[in-house]
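Structure first, then comments.
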There are 2 protein chains.
Amino acid sequence: MVTMRDVAVRAGVTKQTVSNVVRGRVVVSEGTRARVEAAIAELGYTPNLIARSLATGTTMTVGLIVPTVGNPFYSEVVEEVEAQLERRGYHLLMATTRGDEKRARRHLSSLSSRSVDALLVADDFDLSEDLRLLGECGLPVVLCAWEIDPPDTLPVVTIDYERAGYLAGRHLRDLGHQRLLTVADLPAHRVRVQGVRRAFAEDGLGVPDTSVLAAPGTTPEDGYEVTLAALRAGARPTAVVASTDALALGVMASVRRYGLRVPEDISVVGIDDIPQAAHAHPPLTTVALPKRRMAQEATALLLRTLTGGGPAPPGVTLLDPGVQVRASSAPVR
Amino acid sequence: MVTMRDVAVRAGVTKQTVSNVVRGRVVVSEGTRARVEAAIAELGYTPNLIARSLATGTTMTVGLIVPTVGNPFYSEVVEEVEAQLERRGYHLLMATTRGDEKRARRHLSSLSSRSVDALLVADDFDLSEDLRLLGECGLPVVLCAWEIDPPDTLPVVTIDYERAGYLAGRHLRDLGHQRLLTVADLPAHRVRVQGVRRAFAEDGLGVPDTSVLAAPGTTPEDGYEVTLAALRAGARPTAVVASTDALALGVMASVRRYGLRVPEDISVVGIDDIPQAAHAHPPLTTVALPKRRMAQEATALLLRTLTGGGPAPPGVTLLDPGVQVRASSAPVR
DNA sequence: GTGAAAGCGCTAACAT
DNA sequence: ATGTTAGCGCTTTCAC
């Protein structure tokens, strides 16, 4: 392995001068710079990032914790975070929790051992035990995609999920729907359902608990099974809100399977706006969650801290979702 | 920051003893071990991974280069790689190329500067210039998802994409189809098209160049636009092979849009078997690419090298795709 | 079983 | 503008 020493010897200077040339932060005379650069090229020297990290105390790496990447919501978040980090020359160390709090904690503590300069957590699990640890090691942390009550000691950039539910409900109310079915991954998406209820409550309408179906997960199959069972059991909604687009896709399939049409017989609305929502049949009306913007702002916050902007203030930044009207919803008949 | 020194002082031993306790690789007497562990707990000590890396020359981190994660194929690959790495206690440093060779090269050289122990490259770009660099720095590298001619100096775990195309063609031939349209992201998926042609050629049938449509990209829209234009221009295929499922989804939409039915009028076959293929309407017949297995084997190869198994031998491991018959393909009428 | 010494490759502060 | 000195926090080798 060729080190800075080798280059220095070859160029007839000291390590320090080589360092100065490499980093370009200090003025070096034209002649020496040329000699050093020649030596670097001839020897094929590349600086050892680990050694630099140990000396500077900075790794130029940001840790990202997500539940999974096999889900369009999070894969877009990851993509956006990576893009933002790359622009500033940072690397991305990624870890997935797969819904397992133990794994999440393991990653938290392992990443906080100086191997990353900052941490972005895009998964809402109970952090209360870990907050002390995080606070102590002084690692900048930003939370995002936080749906349940986030800790108020950390900066959080997330989406107004309650409002997403509200907008879904509002849209259907505007179309005149009264008999609603809600399919949700509970308890994770509890606040989305709350939002839906608020929209209906505004018009004096209730959504009985029996009309809120808990899906076992968040795949199209889950939406399909749960909805088909409800329809077969005699449910007669004019509209369905699903707490995610993936569920909504399954809901649409089950409606069709049951022999009804979307949206003529039953309107279906999702939440998220994943790429495939636009290509569904019919194209899915949904409440778009601004995930890329969320990822962008969260990363910006983190980066600002790292580039001397001082610690990010704790507190929640709530981004607004917006209805994306497509063909799966129509006025009630 | 609490260091090993602090713990040593507190426990009345030397750094070395603390190190021995932490790593558990050397026998330490019961008494001292207890004292050291107590000191660690009281002080809240966590070892500095960077310092350890500098001393050992190993980072317990593997670099992964992929084109993107916003594509089900690669997001599954990433997921699988991450899962395998985590099982062995390795971290994942991920970088995306977004189809840009320059960016790919930048990542290659940046990651090879001792910040990762090994590199997994899941994107087929021209590596010829970089091979020397990679060889010199002695970083174990494994290639996967390599569709165009891989360098023969490195180990490669990939899928037989030509055979995938062949199987798609074979399936349609078995159903009696003769007038075929092929929609492909060219030149990237050239070998898939070759495979399709081979299947038809086996039966003495040719696929004219005019029946091979180059999609500008790989999204459903791309498939939609290209196919609709062809249909409107008078193309009358009884079957379409798309080089990816995403394209196939668009193809199906365009067929429907044109007023024809899938599969009654036109059969549609994709390649990949992404999760949504099964939920398409109709469910998409496709050639399943064993991406998880690919990711698993590539990671296993890398890890074996890292855990003292000696360097992985160069050469290509080709995994077999398999037809997944669903409702989008039917016998020709 | 434990300690002392040396060094991983680099950067930062100061001296020249 | 360049050289000197002193670490960063850990592991490794070799004494004891």
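Predicted model, so just to flag it, every value in this text is computed and none were measured. Throughout, a chain's letter reflects where its sequence line sits, starting with A, and its residues are numbered from 1.
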Quiz item: So, are B/Glu297 and B/Arg292 salt-bridged, with charged N and O less than 4.0 Å apart?
Solution: no
Quiz item: Once you round it to whole Å, what is the distance between P of D/dC10 and CG of B/Leu49?
Solution: 10 Å
Exercise. Determine: side-chain N/O of A/Thr32 to OP1/OP2 of D/dT2, distance under 4.0 Å, yes or no.
Key: yes
Quiz item: Hey, which of these two, B/Gly31 or A/Ile50, hits DNA chain C nearer its 5' end, going by closest nucleotide?
Solution: B/Gly31
Quiz item: On DNA chain D, nearest-nucleotide positions of A/Thr17 versus B/Gln16: which is more 5'?
Solution: A/Thr17
Quiz prompt | Nearest listed nucleotide, side chain of A/Asn48, among C/dC10, D/dA1, D/dC10 | solution = C/dC10
Exercise. Side chain of B/Thr14 only, please: which of D/dG9, C/dA4, D/dT2 is the nearest?
Key: C/dA4
Quiz item: Salt bridge between A/Arg98 and B/Glu86, side-chain N to carboxylate O under 4.0 Å?
Solution: yes
Quiz item: Considering only side-chain heavy atoms of B/Val13, which listed nucleotide, C/dG9, C/dT2, C/dG3, is closest?
Solution: C/dG3
Quiz item: Does the side chain of B/Glu79 come under 3.5 Å of the side chain of A/Thr68 through a donor N or O and an acceptor N or O?
Solution: yes
Quiz item: Base, sugar-phosphate, or nothing: which does A/Thr3 touch, judged by heavy atoms less than 4.0 Å apart?
Solution: sugar-phosphate
Exercise. Looking only at side-chain atoms of B/Leu54, point me to the closest of D/dT2, C/dC8, C/dG1.
Key: C/dC8
Quiz item: When you measure from the side chain of A/Ala55, which nucleotide among D/dT11, D/dT2, C/dT11 comes out closest?
Solution: C/dT11
Practice problem: Using a heavy-atom cut-off of under 4.0 Å over every strand shown, decide if A/Arg114 touches base, sugar-phosphate, or nothing. | Solution: nothing
Exercise. Whole angstrom is fine here: how far is it from CD in A/Glu30 over to P in D/dT2?
Key: 10 Å
Practice problem: Taking only the side-chain heavy atoms of A/Val28 (C-beta and beyond), determine which of D/dT2, C/dT11, C/dC8 contains the nearest atom. | Solution: D/dT2
Quiz item: What is the distance from NZ of A/Lys15 to C1' of D/dA6, rounded to the nearest Å?
Solution: 10 Å
Quiz item: Heavy atoms under 4.0 Å, any strand shown: does B/Ser53 hit a base, just sugar-phosphate, or nothing?
Solution: nothing
Quiz item: So does A/Arg293 pair up with A/Glu80, basic N to acidic O under 4.0 Å?
Solution: no
Quiz item: Does OP1 or OP2 of D/dT11 have a side-chain N or O of B/Ser19 closer than 4.0 Å?
Solution: yes
Exercise. Kindly determine whether A/Val22 and A/Ile40 satisfy side chain to side chain contact (heavy atoms under 4.5 Å, CB included), including the steps that lead there.
Key: CA-CA 9 Å; A/Val22 168; A/Ile40 287 177; 4.0 Å; yes
Quiz item: When the distance from CE of A/Met4 to P of C/dC10 is rounded to whole Å, what number comes out?
Solution: 5 Å
Quiz prompt | Distance in angstrom units between B/Asp6 CG and D/dC8 C1', rounded | solution = 14 Å
Quiz item: Rounded to the nearest Å, what distance is computed from the CG atom of residue B/Asn20 to the P atom of nucleotide C/dT2?
Solution: 9 Å
Self-check item: Short side-chain N/O contact to D/dT11 OP1/OP2 from B/Arg23, under 4.0 Å
Solution: yes
